[in-house]
2 protein chains.
Amino acid sequence: MPATKNAISLVDSVSGRIVDLVRASHLDRLPTERFMSAQFGVSRGVIREATKRLELQGMLEIRQGSGMKVVDKLHKPLSSAVHLRVPDEKTRLVQLTEVRLALEPEQARLAAERATKADLKRLQDCHQRFTLCEDLETQVLADMEFHCLIAEASRNEVSSLLMQSLSDLLQSSLSHGYRRVTKDLAVDDHGKVLAAIVDRNGDAAAKAMRDHLTHARFDLGLQPKPRRTVKA
Amino acid sequence: MPATKNAISLVDSVSGRIVDLVRASHLDRLPTERFMSAQFGVSRGVIREATKRLELQGMLEIRQGSGMKVVDKLHKPLSSAVHLRVPDEKTRLVQLTEVRLALEPEQARLAAERATKADLKRLQDCHQRFTLCEDLETQVLADMEFHCLIAEASRNEVSSLLMQSLSDLLQSSLSHGYRRVTKDLAVDDHGKVLAAIVDRNGDAAAKAMRDHLTHARFDLGLQPKPRRTVKA
DNA sequence: GGCATGAATTGGTAGGACCAATTTTATACG
DNA sequence: CGTATAAAATTGGTCCTACCAATTCATGCC
């Protein structure tokens, strides 16, 4: 903790205690600031700073007049970090797509190996929703949901967290006119990914996902950077 | 912003203004809380909450009595999110390694295509440092630095941000006795990755990195999950 | 029972006081 | 003049009280 050499600040201590409380109690709402201030024996200011920290970390949603709700949106911090690091939307989309091309074929491969029946059901339901939906906003949501479900089916929580963050970032960009209307190709591609997962064929799932993302990149008007031909 | 329906909170507004200030001025230190409170016309409490947010986002380091230093550690939030989501260290390491197996070969491939002369020099210097170092802590640092430099050389900032976060998380685990002493193999593997990057051979770089990470996984005693043989 | 209004509750903000850690300044000594 | 030490100033951390803004709950009316 850079703030002190040895002593831990009250805000640090209290935020840790709130995390423990949330984990131990499975509450869906936290007590009020005033109550916790009395219970923990600290000022309301310290509670505020601690709870604001947890809000930023995606663990709480805080509403004036309404209280604090416990949520699980731990992917939020990455979304904002990426936003801060790469403020330009086009650049960000290019880079996110490259990262997806690395990550998602492996997610699909692992999903083919690890998906439960419930995972497959969710994927199939989502695919059907995507196939049938008409408006752009619902398309974007179903499209991203399909990808997040695959990440979940891979049984890798870090990967899933990354995918949720990427999904948030992508939804913003895709809703801003970066999407051309080629839903039918995406539906076809998703179908191939899903079929390979259902067949437990990891290689096919990875290839189908790679093909899909390559199509999506073209669809979004994002060309890969030209290959360098000069030696160092 | 869940806190209000339409109005943006002062903390939100002020934190945005501080980000703009940091970006516009290239200051390495921020003015004091009291000064900003007067300048922005808000209470010190609001400044505190705003600056604490930026500290958590990896943009500031705050020290009592000393002031606020502007830093660029935007990867920090992901590190803590992963820590919150996957508290068990062994599980986390398994999952991080899987993510690395997806991400890093592509980073190496792109680095082979995009690395500048300066990138290559840094990689070579780092590799030499790794080769010559003796103590475990320096090994871990040089090892992770090599990987982060490759991510930087890929010219993808999102990827680089991810790698920095993964590196932080890994350093913690690797320093806790998860590492067996097989530095020579890692030096050999890094050498192969570097040679492929220098040769501008993306495929070879990706393969060398995949091989390296496979070795590292074995080295760390992390076995892949058994393949499922049952159809859905 | 549904709707409108007022009261209570809960988070948001302001400001002043005081404490704790760091930096700067002043003083003493060789 | 240079160095070490102490004191003062500065800067972040915490506490308290008061008041504002948004939401929820209770009450009254039709």
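Heavy atoms only: backbone and side chains are in, while hydrogens, waters and symmetry mates are out. The model shown is predicted, which means the values in this text are computed figures rather than measured ones. Letters A, B, ... are given to chains in the order of the sequence lines, protein chains preceding strands, and every chain is numbered from 1.
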Sequence neighbours excluded - salt bridge (Lys or Arg N to Asp or Glu O under 4.0 Å) pairs with any residue from residues 160-174 of chain A = Lys76(A)-Asp168(A)
message = By the side chain to side chain donor-acceptor pair (under 3.5 Å) test, which pairs, at least two apart or in different chains, include something from residues 24-44 of chain A?
response = Glu33(A)-Arg44(A), Glu33(A)-Arg48(A)
task = Any chance you could measure His147(B), atom NE2, to Asp143(B), atom CG, to the nearest 0.5 Å?
result = 4.5 Å
request  = Indicate for each nucleotide in nucleotides 14-20 of chain D, in 5' to 3' sequence, whether protein heavy atoms under 4.0 Å reach the base (B), only the sugar-phosphate (S), or nothing (-).
outcome  = BB--BB-
inquiry  = How bent is the helix from dG1(C)-dC30(D) to dG30(C)-dC1(D), measuring the angle between the end axes built from five pairs each, rounded to 10°?
reply    = 0°
request  = Please report, rounded to the nearest Å, how far the P atom of dG12(D) is from the CG atom of Leu54(B).
outcome  = 14 Å
request  = Measure from CE on Met68(A) to P on dT23(D) and round the result to the nearest Å.
outcome  = 16 Å
key: Integer-rounded Å distance: dG12(D) C1' and Glu61(B) CD   = 15 Å
request  = Look up atom CD in Glu152(B) and atom OG1 in Thr116(B), then write down how far apart they are to the nearest 0.5 Å.
outcome  = 10.0 Å
Counterpart residues, side chain to side chain donor-acceptor pair (under 3.5 Å), relative to Thr138(B) (two or more places apart) = Asp135(B)
task = Strictly below 4.0 Å, heavy-atom distances to any atom of DNA chain C: list the hits from residues 24-32 of chain A, or just say none.
result = Thr32(A)
message = So, using side chain to side chain donor-acceptor pair (under 3.5 Å) as the criterion, who are the partners of Gln164(A) when residues are at least two apart?
response = none
query = Can you name the residues that form a side chain to side chain donor-acceptor pair (under 3.5 Å) with Ser154(A), not counting sequence neighbours?
reply = none
task = Would you please name every residue forming a side-chain contact (heavy atoms from CB on, under 4.5 Å) with Leu194(A), sequence neighbours left out?
result = Leu123(A), Gln124(A), His127(A), Phe146(A), Val198(A)
task = Measure from CD1 on Ile62(A) to P on dT13(C) and round the result to the nearest Å.
result = 11 Å
ask   = Between atom NZ in Lys69(A) and atom P in dT24(D), what is the gap in whole Å?
value = 11 Å
key: Rounded distance in Å - CD (Glu55(B)) to C1' (dG12(D))   = 11 Å
key: d(CZ, Arg63(A); C1', dG12(C)) in whole Å   = 15 Å
query = How would you list, by chain and number, every residue that makes a side-chain contact (heavy atoms from CB on, under 4.5 Å) with Leu141(B), sequence neighbours excluded?
reply = Gln171(B)
remark   = Hits for side chain to side chain donor-acceptor pair (under 3.5 Å) against Arg129(A), two or more places apart or cross-chain, chain-then-number order -> Glu145(A)
Phosphate OP1/OP2 of dT23(C): any Ser66(B) side-chain N/O under 4.0 Å = yes
note = Sequence neighbours excluded, the answer for salt bridge (charged side-chain N to carboxylate O under 4.0 Å, His left out) partners of Lys69(A) is none
